[in-house]
Number of protein chains: 4
Amino acid sequence: MGIRERKERERDRRKQQITVAAKRIFLARGFDKATMEDIAREAELSAGTLYLYFKNKHELYASITLKVLQFLNMRLAHIKAERADISPEAKLEVLKEILLDAYDFDVMALINLFHLQSREILKKLSQEFIKEIKEITKQITDEIADIFEEGIEKGVFIKRHPAAFAQIIISTFSGIVLWEEGKRSGDDKKGYVKPTIELVFEILTKGMLKEKHV
Amino acid sequence: MGIRERKERERDRRKQQITVAAKRIFLARGFDKATMEDIAREAELSAGTLYLYFKNKHELYASITLKVLQFLNMRLAHIKAERADISPEAKLEVLKEILLDAYDFDVMALINLFHLQSREILKKLSQEFIKEIKEITKQITDEIADIFEEGIEKGVFIKRHPAAFAQIIISTFSGIVLWEEGKRSGDDKKGYVKPTIELVFEILTKGMLKEKHV
Amino acid sequence: MGIRERKERERDRRKQQITVAAKRIFLARGFDKATMEDIAREAELSAGTLYLYFKNKHELYASITLKVLQFLNMRLAHIKAERADISPEAKLEVLKEILLDAYDFDVMALINLFHLQSREILKKLSQEFIKEIKEITKQITDEIADIFEEGIEKGVFIKRHPAAFAQIIISTFSGIVLWEEGKRSGDDKKGYVKPTIELVFEILTKGMLKEKHV
Amino acid sequence: MGIRERKERERDRRKQQITVAAKRIFLARGFDKATMEDIAREAELSAGTLYLYFKNKHELYASITLKVLQFLNMRLAHIKAERADISPEAKLEVLKEILLDAYDFDVMALINLFHLQSREILKKLSQEFIKEIKEITKQITDEIADIFEEGIEKGVFIKRHPAAFAQIIISTFSGIVLWEEGKRSGDDKKGYVKPTIELVFEILTKGMLKEKHV
DNA sequence: CATGAATGAGCGTTCATTCAT
DNA sequence: CATGAATGAACGCTCATTCAT
């Protein structure tokens, strides 16, 4: 391994360390109330150091969200590639699992997928970042929409705009997570979210099926 | 009209004027990024003047949310009182209408029903305010849960915890509104939200019904 | 009584009403923390009205102090005129009584005789006011100094600069009042100040007497 | 010298620099009129920097006063420990010297020993601070009272409450300092205060002695 | 004359960001 | 590369003062 690579890897480890700390702090306090000092302390670094790895607070924040988006995108691409043959209903079941995995993977980022849409925040990000986020968001929603498109074509789901179905899945999921996070605090959160999500998916799936499939 | 009444009315008009401006600014920028200066400018007043009508930024914000809560509560109480005889499915339809009306009435406040749960924000509000908000929130969720309880008892809806249904309705609705508001900007928003909400309710209702009712 | 006089008298009553309220508020909160609104409320008037009678907050404050100074001056002039014949020691006794009366008359003003010396505050007062305050302050200290001068001449008091004696009396008195006001609160104040003042005067008088007079 | 020690020392120097500037500004303008900006400018720093060293304006102010209290306490403890054998009169003489030293050490803080009693100000200080100030204040007054108690027991001073004597010493001293500071400005102050204090102590001492000791 | 709504200047405080070491 | 001291811009809020009614 060349010196250059080792440096690169070292740098990634540091970014990781910061990211992990930032997630905890952002989740606990929200974007505005989380200070760079807080995050630095959590990462056992100094505030100034954060700026060696991230352009500014917004970019640190966005990079975290980007990770979940990449995670989601990767998993969805995987269904398409490896499990193209399973039924649309089964795909929906897998989608639920993926979202719950994403929830375990990074609650905060999921919650704040919304915020990232805000023009105010986007303005402070570098161009590449914005482009990347937009692209990956599009891929994800397309991927989900594809599931429904297939289901509609096969006569399994009721005939509606596939993009609308995708949107409902995403925003419903986010809504419940956000609501639960707002209500509860501490460690008992996850226990409550999962059953609710299970219920919602059960209901949504049933509601989306054509009569004869119910 | 006595001089006292006129004064009172004049004062209400000012509060209204500030409220309207605040809603616009809070919606556009979010609570933290909206400055009192911004709001004052929008209301064509000076920042100091806002404090003649609202104790502080948080109370201004909360008062806006309180209005929607009151609106929702009033409408829901109305169903119970005047339309107790209609079927649970029909009540769900009415609930949808009420939520869409609330959405027209005040988008921002709906979006931020979440935030108001946060202890941080509640701490800065006056005691009466907190009490009123908590009470009214409880009434609303209870009212919605009642619809489902009745539906379950009558064997119309599948047997799940009524409170969970209520939660799903509220958080799903909020999730979609929040998501849409985040994505779009300006005036074309409402056109998109309504059809999506219609669709969600259609799906949710169907998914909640017992087999024989579908 | 002409209309003009009646108006004049009416005006004086209003000033009196404001002065009384202001004294209470200034005493309770101190100059900076007392707001014009507070004073107005206490006087059962509106804040704006205060400005019809006093140029600004500082002048209202100064006018109160001036009253005590006038009171002190009047009483001291009285000793000189009517009781020129009593011994210097007796005059000291009378001086003590006068100061205690002034204390009853207006605690706050006495406490703040100091503040009025501050160039910062003087800058905000009108010229006439400043002149009047300076003159009357000089008269008072001269009057007190005279008592000691006489005492020294008659061989009753030890031979020191009469002005220094005067200064000691005034600042000692103020020091004790200020200290006590700082320490206690509410209504039990006066009970403590008087015995302490009595003791101080007893000690000071004894300490000032020439050996053979002790 | 380790790097840690150097840092610590550097930090202390900065605090010192701020303290010195703050003393000047507080003395010139009083607590309320002195702005953090003023103090920062005097210390050739930015306002924000002050908050790296002191929690807030009140704590900066209190820390200054605390220093004098500690100085006084230390010196008084010294008399008790090392010079327990000298006569009460001699102790009074030493007390005078100590107070004059404290005056040289920090005029402003002495003047404002009063303010620190105010509940309003105390409320804004951290708990440890309050406790420390209260304790040290108590120690000082007790120490002074002890001198008088001894003097009374030995039949040197007239029989009065020792605490009252202590109070008189402290408030008289403060009264004179405050009065003089109010009257004069700039650099000629100290020249006037000292002779007056000398005189007051001379008079007080004589006035406190029992007949036969005079 | 009296009001009180409105102003606007000013203050204490926070915190993202920079930069000398 | 890492630090953390320092900055300075910004914000919420208060209140003396003004002025139209």
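Chain naming here is simple, since letters A, B, ... match the order of the sequence lines and numbering starts at 1 in each.
- Under the salt bridge (Lys or Arg N to Asp or Glu O under 4.0 Å) criterion, A/Glu10 pairs with A/Arg13, not counting sequence neighbours.
- Under the side chain to side chain donor-acceptor pair (under 3.5 Å) criterion, C/Arg11 pairs with no residue, sequence neighbours left out.
- Every residue was checked against the salt bridge (Lys or Arg N to Asp or Glu O under 4.0 Å) condition with C/Glu132, not counting sequence neighbours, and none meets it.
- Judged as a salt bridge (Lys or Arg N to Asp or Glu O under 4.0 Å), and not counting sequence neighbours, A/Arg14 has no contacts.
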Atom pairs and distances, side-chain donor-acceptor, residues 47-56 of chain D, under 3.5 Å, sequence neighbours left out:
from	atom 1	to	atom 2	distance (Å)
D/Thr49	OG1	D/Ser46	OG	3.1
D/Asn56	OD1	D/His58	N	3.1
D/Asn56	OD1	D/Glu59	N	2.8

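- A stem is defined here as three or more consecutive Watson-Crick or G-U pairs, each with both distances under 3.5 Å; for DNA chain F these stems are E:2-21 with F:2-21.
- Within the nucleic acid shown, C/Phe54 has no heavy atom closer than 4.0 Å to any nucleic acid atom.
- When DNA chain F is scanned 5' to 3' for any atom under 4.0 Å from a heavy atom of chain C, the first and last hits are F/dC15 to F/dT18.
- Nearer to the 5' terminus of DNA chain F, by closest-nucleotide assignment, is the contact made by A/Arg14 (compared with the other of D/Tyr53 and A/Arg14).
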Nucleotide-resolved protein contact map, nucleotides 7-16 of chain E, B/S/- at heavy-atom distance under 4.0 Å: BB--SSBBSS
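- By the salt bridge (Lys or Arg N to Asp or Glu O under 4.0 Å) test, B/Asp32 pairs with no residue at all, sequence neighbours left out.
- A/Lys57 places a side-chain N or O within donor-acceptor distance of the main-chain N or O of A/Phe31, the cut-off being under 3.5 Å.
- Contacts of C/Arg41 classified as side chain to side chain donor-acceptor pair (under 3.5 Å), with partners at least two apart in sequence or in another chain: none.
- A/Lys23 meets the side chain to side chain contact (heavy atoms under 4.5 Å, CB included) test with A/Thr19, A/Ile64, A/Asp106, A/Met108; sequence neighbours excluded.
- Remark: A/Arg24 engages A/Glu42 in a side chain to side chain donor-acceptor pair (under 3.5 Å) (not counting sequence neighbours).
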